[in-house]
A.B. asks: 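Before I ask anything, let me first share the structure, which is written out below as structure tokens.
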There are 2 protein chains.
Amino acid sequence: MTRKKQTDRVTITDVARVAGVSKTTVSRYLGGQYHVLSESTQARIKEAIEQLNYRPNQMARGLKRDRSYLIGMVMADISNPYSTAVLRGAEDVCKQKGYSILVCNTDNDPAKEREYILMLQSHRIDGLLINTTGKNNDFLRELANDCTPVVLIDRKVPVLGFDTVGLDNEQATSEAIHFLLNRGYKRIAYVSEPIAGVSSRRERAAVFTALADQYGYSADDLYEVNLQSPERLSEVLDHFLQRTQGEKPVIFAANGVVLLKLIRALQSKGISVPEDVAVISFDDTEWAALIGSGITAIAQPTYQIGMTAMERIFQRMEGDGSPAQNIAFAGKLIIRGSTPPVV
Amino acid sequence: MTRKKQTDRVTITDVARVAGVSKTTVSRYLGGQYHVLSESTQARIKEAIEQLNYRPNQMARGLKRDRSYLIGMVMADISNPYSTAVLRGAEDVCKQKGYSILVCNTDNDPAKEREYILMLQSHRIDGLLINTTGKNNDFLRELANDCTPVVLIDRKVPVLGFDTVGLDNEQATSEAIHFLLNRGYKRIAYVSEPIAGVSSRRERAAVFTALADQYGYSADDLYEVNLQSPERLSEVLDHFLQRTQGEKPVIFAANGVVLLKLIRALQSKGISVPEDVAVISFDDTEWAALIGSGITAIAQPTYQIGMTAMERIFQRMEGDGSPAQNIAFAGKLIIRGSTPPVV
DNA sequence: TTGTAAGCGTTATCAC
DNA sequence: GTGATAACGCTTACAA
């Protein structure tokens with residue numbers, strides 16, 4: 001297999017030579033300025049390009065035009081199906097505009113987040129989508145002085161003038177809790193990953209707390225668990241279920257990852273859903289319907305979130321200077337067998 | 001919020017001016033050639049860079065050095081957890097080397113695959129990871145004439161001299177079938193997505209077929225289903241289960257996505273696992289353990305597949321001209337409740 | 001140890 | 001309609 005040297009790549013100069021015109025003319029053709037080109041010239045250039053299998057060099061083009069045709073996407077956890085669903089929406093918009101996406105996974109590590117953002121800046125990305133770790137607020141604030149449009153996904157950063165796209169956590173959480181209350185549940189636990197710094201977690205938890213007094217369940221049953229340590233979740237379950245005095249308990253998982261660990265913990269303890277405890281969760285994962293008689297879940301319009309976020313980027317790139325928007329989509333409650341009416 | 005114009009970006013010239021040295025000297029500093037720089041010069045440059053918050057422009061650097069520091073990753077289905085797991089492995093290797101990944105999702109559409117590859121070539125990616133749709137063989141073959149290292153993931157392309165990284169499908173399938181036979185199963189159905197063009201599907205199915213005569217199960221129970229149409233899967237189940245004359249049947253799902261649809265179909269038909277039918281599957285998805293008493297599955301070392309693929313890319317970039325390698329990792333059978341011994 | 005100058009592959013400005 | 005030519009921000013001979 002012979003390998004062509006990179007430097008042997010065909011350039012606009014080659015095309016110009018073969019077509020018998022100047023680089024400028026070829027460049028005009030590439031730029032789609034057909035109205036200033038004669039038919040015959042167009043035809044000759046077209047042929048030369050095909051014959052040579054020419055592909056314009058985006059680095060050169062980008063250097064000159066001060067655009068990279070690259071969008072950065074920094075996600076806290078790419079393994080979360082939420083992230084890939086958002087990515088798909090974002091990508092479809094990008095593709096249509098001739099842009100490509102640089103994907104970075106921070107693993108919820110703020111240091112990685114900073115490093116990746118610096119790296120992306122080096123590539124002169126034209127836009128940046130961030131699902132932030134929530135622990136780089138000062139650093140992110142500096143991005144605001146930058147020229148590059150930034151859209152935050154799911155997680156907001158206080159004070160900043162960034163566009164934000166995500167779920168209407170207030171509506172979704174409230175709807176879910178009212179649903180549980182209507183079904184007759186009086187003892188509700190809310191289990192979340194660590195809330196500090198992550199706006200969506202905070203917003204959801206706040207609704208749980210705010211409605212507690214009003215509706216007579218205990219705000220104390222808000223549990224933060226670090227999912228790295230399974231013991232903690234086990235303790236939380238013991239603590240909560242022990243407190244349920246005859247009343248049917250329900251556990252509200254703050255996202256799909258929590259739900260996964262929760263189900264695992266319940267199974268290992270021999271606790272049945274929904275006989276012993278009811279379950280409801282954020283994120284309608286692909287497998288939620290398959291667990292037992294199905295897990296009641298709040299579905300997010302993830303694809304649309306990705307699309308919308310990317311559309312904001314392009315609007316900003318095209319000069320939209322309006323104040324930062326906060327776009328929140330409604331969640332949809334999918335009722336399944338894990339939350340039967342309390343008899 | 002004031003927006004800096006892109007053209008106001010600080011350049012190496014600015015740094016040189018502030019530090020009171022030439023561009024060349026700054027470039028040497030950036031390139032890490034500290035041995036040719038005086039301590040005081042280094043210090044002044046360092047300070048200037050920090051003061052100005054300078055980030056080198058990768059497009060300019062890339063144009064000059066004929067390297068983009070970009071790797072393309074073209075996946076047939078980014079929604080598949082397999083893809084993101086591979087991505088994580090690939091990304092960790094990249095990050096350490098200062099490279100970034102351009103992620104493209106083809107949705108198993110050959111046209112999209114071609115478009116994305118052309119786009120990536122335009123960006124002059126330094127390496128390309130492809131999990132191909134399997135329907136662009138001629139197109140892919142042309143990539144071999146290119147200078148850019150290509151590594152195929154999971155799915156091979158006939159004849160081509162590309163490095164390949166994936167599962168040892170022969171070993172894994174064979175091991176799983178022998179496991180089923182040892183457990184006493186005599187009626188085995190293998191359910192796969194359309195096999196045409198996808199080497200991993202072909203390899204797995206071939207083992208199922210090859211062992212059929214030898215071990216007395218029917219090679220006719222190899223079913224190809226298009227997962228877009230749920231009816232087809234339902235028909236397959238009817239057909240197969242009707243054929244099982246008193247013998248305990250087991251269904252072998254060719255990957256995690258098939259498993260998902262399979263479980264859904266079984267549930268909607270009221271067929272119990274493992275009472276009515278046993279189930280085994282490729283891909284140890286995060287939820288496999290949670291379905292009923294757990295689904296027996298063949299785990300792939302996905303993270304390692306991603307790492308290894310990316311390492312091959314870098315080895316090729318660094319001049320390794322050895323013949324194309326075919327790297328196949330062993331799968332690991334995770335035995336759960338869905339395949340009890342036949343009594 | 002440092003600097004000058006050419007050039008990477010494009011596009012933009014100006015001329016014809 | 002078309003073409004010279006000068007950038008874009010960087011690296012790299014070659015000089016000093």
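Keep in mind that the numbers below use all heavy atoms, side chains included, and drop hydrogens, waters and symmetry copies. Residue numbers begin at 1 in each chain, while the letters A, B, ... track the order of the sequences.
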A.B. asks: Quickly work out the B:Asn57 CG to D:dT11 C1' distance and round it to whole Å.
C.D. replies: 13 Å
A.B. asks: Please tell me if A:Ser27 has a side-chain N or O lying less than 4.0 Å from either OP1 or OP2 of C:dT11.
C.D. replies: yes
A.B. asks: Under 6.0 Å from the CD atom of A:Glu47, do we count more than 12 heavy atoms belonging to anything else shown?
C.D. replies: no
A.B. asks: By nearest heavy atom, map B:Lys64 and A:Tyr54 onto DNA chain C; which one lands nearer the 5' end?
C.D. replies: B:Lys64
A.B. asks: Which nucleotide in the list C:dG3, C:dT10, D:dG9 gets nearest to the side chain of B:Arg124?
C.D. replies: C:dT10
A.B. asks: In whole angstrom, give the distance that lies between atom CZ of A:Arg17 and atom C1' of C:dG9.
C.D. replies: 14 Å
A.B. asks: Take atom CD of A:Gln42 and atom P of D:dG1, then tell me their distance rounded to the nearest Å.
C.D. replies: 10 Å
A.B. asks: Can you list the residues that meet the ring-ring contact (aromatic ring centres under 6.0 Å, His included) rule with A:Phe329, with sequence neighbours excluded?
C.D. replies: none
A.B. asks: Nearest whole Å is fine: how far is C:dT10 P from A:Arg65 CZ?
C.D. replies: 13 Å
A.B. asks: Figure out the CE/P separation between A:Met59 and C:dT11, and round it to whole Å.
C.D. replies: 14 Å
A.B. asks: Going by heavy atoms closer than 4.0 Å, what residues in residues 29-41 of chain A are next to DNA chain C?
C.D. replies: none
A.B. asks: Across the strands shown, which category fits B:Thr24 at heavy-atom distances under 4.0 angstrom: base, sugar-phosphate, nothing?
C.D. replies: base
A.B. asks: In this structure, how many angstroms lie between the C1' atom of C:dC8 and the CD atom of B:Gln58, rounded?
C.D. replies: 15 Å
A.B. asks: Between C:dC8 atom C1' and A:Ile12 atom CD1, what is the distance in whole Å?
C.D. replies: 14 Å
A.B. asks: Could you check whether atom CD of B:Glu318 has more than 12 heavy atoms from other residues, nucleotides or ligands sitting under 6.0 Å from it?
C.D. replies: yes
A.B. asks: May I ask you to say whether A:Arg17 pairs ionically with A:Asp14, meaning some side-chain N is under 4.0 Å from a carboxylate O?
C.D. replies: yes
A.B. asks: In whole Å, what is the span from the NZ atom of B:Lys23 to the C1' atom of D:dC10?
C.D. replies: 7 Å
A.B. asks: Does a nitrogen or oxygen in the side chain of A:Ser22 sit under 4.0 Å from OP1 or OP2 of D:dG3?
C.D. replies: yes
A.B. asks: Looking at B:Arg61, I'd like to know whether one of its side-chain N or O atoms comes within less than 4.0 Å of OP1 or OP2 on D:dT11.
C.D. replies: yes
A.B. asks: Regarding B:Asp107 and A:Arg88, does a basic nitrogen lie under 4.0 Å from an acidic carboxylate oxygen?
C.D. replies: yes
A.B. asks: Under 3.5 Å, is there an N or O donor on one side and an acceptor on the other linking the side chain of B:Arg28 and the base of C:dG3?
C.D. replies: yes
A.B. asks: Which pair of heavy atoms, one from A:Ile130 and one from A:Leu143, lies closest together, and at what distance?
C.D. replies: CD1-CD1, 4.0 Å
A.B. asks: Among D:dA6, D:dT2, D:dT12, which nucleotide sits nearest the side chain of A:Thr25?
C.D. replies: D:dT2
A.B. asks: Parallel, tilted or perpendicular: which describes the rings of B:Tyr99 and B:Tyr69, with under 30° parallel and over 60° perpendicular?
C.D. replies: tilted
